[in-house]
Amino acid sequence: MSPELHDSRFLKAVRREPVDTTPVWLMRQAGRYLPEYMEVRSRVTFLELCTRPDLAAEVTLTAQAVLGVDAAILFADLLPILRPMGMNLEYQAGEGPVLDNPLRTSGDIDRVVEIEDMEVMGFVFDTVRRVRADLPADCPLIGFAGAPFTLASYAIEGGGSRNYQHTKSIMYGDPGAWQALMDRLVPTLSRYLAAQAEAGCQVVQIFDSWAGCLSPADYRRYVLPHTKRLIESLPEGLPVIHFLTGNPQLYPLQREAGGQVQGLDWRIDLADGWDLVGHDVAVQGNLDPVSLYADLDVLRDRTRDVIDAAAGRPGHIFNLGHGLLPTMDPDKVKALVEMVHELGVGEGPV
Ligand code: CP3
């Protein structure tokens, strides 16, 4: 890794080293709230955008440049990896992702393919190489994948879900089938993330967006061992941001599963969240995204509250507790990034 990247504000915070000010990036920063994204998106479907390295690289780079954030996140999606594993995937306007051959029986799960040759996802690594070549030399690139639970829930439910009825039915009722599915997802995701790092990502984030629907006991039993196995299998020295949302009771277990950086949502005070995951890891978060609809002075107070909760400790990466929403005002999002840099805690200019 180049010295510029190594000494970037973002990677210093990942390592819990002092920084000049708090680093910030925003989940879904390259999304529909940005007119530059909508312009590209008006020409192609979402899946086409994900699979066209020229366009995916363009929207990744534009979001980083327009916002002035301290890291770029690869433009891709959690779910396309499920296609070579045997799932049909479509994104329907207004409905989000739909998989019309959901896994409902152990027979369905038997047909899921573990991916050994990652070339089927070559368009993602191609995007990474293009982005890396054109990003500022001191700007890290974040790769990502879904956590085994969150991907399994999409494959089993066939889309988003309110109660995770089918997923939990398999988990509770057919542990052998659940284990078989995890045994295919974990090595696939491990290779997928390693290949992103190999292509030029400095950090990876694992999104367990829906794990908050579980009790701590169920998370410990059905999820933690698999996420832990995934994180332990990644290349040495590749930092992992581990993110889940919806249930702060799970944070100690999230930490136990692994990751140098623990993502926190807004349902817990950042100071309490950091106590729960331990001060020997970095934290990322945790402004309530809906704060972006408030007036600038309210937004500023709420941003300051999050920064104050970090109490000047090294190892805080500012982010929202979850992603930006399509109806947000891009100028406010830019203002937020500036506020974090201005209010952020550091040693002053270095
Ligand atoms: O953060 C970024 O800017 C990078 C790109 C990114 C997208 N999705 C782009 C996207 C990332 C990191 C994701 C992750 C993702 N995808 C998650 C986890 C993040 C989270 O919110 O917890 C999940 C659950 C998905 C699955 C997914 N993809 C859903 C549920 C949807 C539909 C959302 C909706 O409101 O329609 C998508 C589509 C999607 N992924 C869009 C974008 C910009 C919008 C698609 C469009 O342009 O029409």
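Quick caveat, the model's predicted, so the values are computed rather than measured. Whatever order the structure lists ligands and atoms in, that order sets their numbers, starting from 1.
Annotation: side chain of Trp178 is not in contact with side chain of Ile109 (no heavy-atom distance under 4.5 Å). Between Val281 and Val261 the shortest side-chain heavy-atom distance does not fall below 4.5 Å.
Taking Gln179 as the reference, Asp183, His226, Arg229 meet the side-chain contact (heavy atoms from CB on, under 4.5 Å) condition, with sequence neighbours excluded. Residues meeting the side-chain contact (heavy atoms from CB on, under 4.5 Å) test with Asp288, sequence neighbours left out: Trp266, Val290, Ser291, Arg302.
Of the options Ala30, Gly246, Ala76, the smallest heavy-atom separation from atom 9 (C) of ligand 1 is shown by Ala76. Counting only non-hydrogen atoms, the option in Tyr91, Tyr37, Phe144 that gets closest to atom 11 (C) of ligand 1 is Phe144. For atom 36 (O) of ligand 1, the choice among Met27, Arg32, Glu95 with the nearest heavy atom turns out to be Arg32. Comparing heavy-atom distances from atom 41 (C) of ligand 1 across Trp210, Phe46, Phe207 singles out Phe46 as nearest.
Nearest protein heavy-atom contact of atom 30 (C) of ligand 1 is Tyr154 OH, 3.3 Å. In this structure, atom 14 (C) of ligand 1 lies nearest to the protein heavy atom Leu78 CD1, 3.7 Å. In this structure, the protein non-hydrogen atom closest to atom 31 (C) of ligand 1 is Pro97 CD, 3.8 Å. Atom 48 (O) of ligand 1 has its closest protein heavy atom at Arg41 NH2, 2.9 Å. When hydrogens are left out, the protein atom nearest atom 1 (O) of ligand 1 is Arg28 N, 2.7 Å; that is the closest non-hydrogen contact. Scanning the protein heavy atoms around atom 20 (C) of ligand 1, the nearest turns out to be His322 NE2, 3.1 Å. Remark: minimum distance from atom 16 (N) of ligand 1 to any protein heavy atom is reached at Asp77 OD1, 2.6 Å. Of the protein's heavy atoms, Ser209 OG, 2.4 Å lies nearest to atom 22 (O) of ligand 1.
In summary, Asp297 and Arg300 do not engage in a salt bridge, as defined by a charged side-chain N under 4.0 Å from a carboxylate O. Arg191 and Glu114 are joined by a salt bridge, as a carboxylate oxygen and a charged side-chain nitrogen come within less than 4.0 angstrom of each other.
The six-membered or imidazole ring of Phe144 lies near that of Phe207, with a centre-to-centre distance under 6.0 Å.
Under a 4.0 Å heavy-atom criterion, Gly160 is not in contact with ligand 1. At least one heavy atom of Leu74 sits closer than 4.0 Å to an atom of ligand 1.
Relative ring orientation between Trp210 and Tyr164 is described as tilted, the plane-to-plane angle lying within the 30° to 60° band.
Atom CZ of Arg267 and atom CG of Asn247 lie 9.0 Å apart (nearest 0.5 Å).
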